[in-house]
Amino acid sequence: ILPTPHNVFQTLWNVRDLVISNGLATLKAVFMGFTLGASLGFGLGFIVAHSRRAEAVLGPFIVGSQALPKTALAPLFVLWFGFGIMPKIILAATICFFPLFENTVVGLRRVDESYLKLFRSAGASTWQVFRYLRLINSTPLILISIRVSLLYALIGVVVGEFISGNEGLGFLVISAQGNFDASLTFAVLVALTLMGLALYGIA
């Protein structure tokens with residue numbers, strides 16, 4: 001039931017080719033889901049940060065959508081998008097969207113009023129204020145949210161692989177559990193942990 005560390009790492013070494021091939025499939029879905037979620041998060045964050053009307057219209061829907069656990073949507077995504085890679089991408093995107101959206105809005109709005117007055121007195125356009133002041137000011141928050149969102153995307157993809165996968169590390173975990181192979185289960189969990197640490201470190 002609980003394999004020794006030696007057995008876990010021995011299994012990980014023995015099935016390294018299987019883990020690598022499935023790990024690449026997981027990474028592909030992670031980056032695609034993250035790219036989609038981050039693009040939507042930054043784009044909508046930019047719109048909401050610059051328009052109170054957009055905030056009034058979109059805000060309740062965006063916040064309300066976050067109250068629903070995303071993993072509960074996984075079966076619906078499978079029903080709508082089939083058993084391929086698309087449900088994993090959509091699930092990862094929905095999970096990693098909100099941190100980037102929220103931090104983009106906060107970062108773009110949290111600007112010292114004295115700097116804004118300085119830019120306006122110098123005749124800066126709206127685009128120049130955004131590029132040289134708001135965007136630079138929000139960069140630390142956006143980068144932090146990217147780091148968090150990458151890990152959220154990994155979680156979303158693995159959950160998707162649990163439910164609909166025919167490849168990926170999540171699929172390997174489910175297969176190992178179905179065969180009561182505790183050593184392989186822990187070996188894949190080690191691989192997932194290393195992948196998460198690598199993504200975090202890269203970000």
Is any side-chain heavy atom of T35 closer than 4.5 Å to a side-chain heavy atom of S39?
-> yes

Minimum side-chain heavy-atom gap V48-F101 below 4.5 Å = yes

Around atom CZ of R16, are there more than 12 heavy atoms of other residues, nucleotides or ligands at under 6.0 Å?
-> yes

Non-hydrogen side-chain atoms of F97 and L36 separated by less than 4.5 Å = no

Are L133 and L135 linked, directly or through other ILVMFWY residues, by side chains that come within less than 4.5 angstrom of each other?
-> no

Are E113 and R120 within salt-bridge range, i.e. N to O under 4.0 Å?
-> yes

Nearest heavy-atom pair of P99 and I95: which atoms, and what distance?
-> CD-O, 3.9 Å

Step through the shown structure and confirm whether more than 12 heavy atoms of other residues, nucleotides or ligands are within 6.0 Å of CZ on F9.
-> no

Do you know which two heavy atoms are closest between G33 and A92, and how far apart they sit?
-> CA-CB, 4.0 Å

Under the ring pair (Phe, Tyr, Trp, His ring centres under 6.0 Å) test, which residues partner Y152, sequence neighbours left out?
-> none

Between V148 and Y200, is any pair of side-chain heavy atoms under 4.5 Å apart?
-> no

Decide side-chain contact (heavy atoms from CB on, under 4.5 Å) for L91 and V157; before the verdict, give the C-alpha distance in whole Å, the side-chain angles of both, and the deciding distance to 0.1 Å.
-> CA-CA 7 Å; L91 185 59; V157 169; over 6 Å; no

L141 vs R110 side-chain heavy atoms within contact, under 4.5 Å = yes

Do E102 and S145 have a side chain donor and acceptor closer than 3.5 Å?
-> no

Taking the side chain as every heavy atom from C-beta outward, state whether V129 and L116 have any pair of such atoms under 4.5 Å apart.
-> yes

Residues R109 and R134: closest non-hydrogen pair is CA-NH1, 4.0 Å

Smallest heavy-atom separation, G107 atom then N137 atom, equals O-ND2, 3.3 Å

Are the side chains of L150 and I202 in touch, meaning some heavy atoms are under 4.5 Å apart?
-> no

For W127, what residues pass the ring pair (Phe, Tyr, Trp, His ring centres under 6.0 Å) criterion, not counting sequence neighbours?
-> F130

T193 vs L197 side-chain heavy atoms within contact, under 4.5 Å | yes

Specify the closest pair of heavy atoms between T26 and G168, including all atoms of both residues, with the distance to one decimal.
-> OG1-CA, 3.3 Å

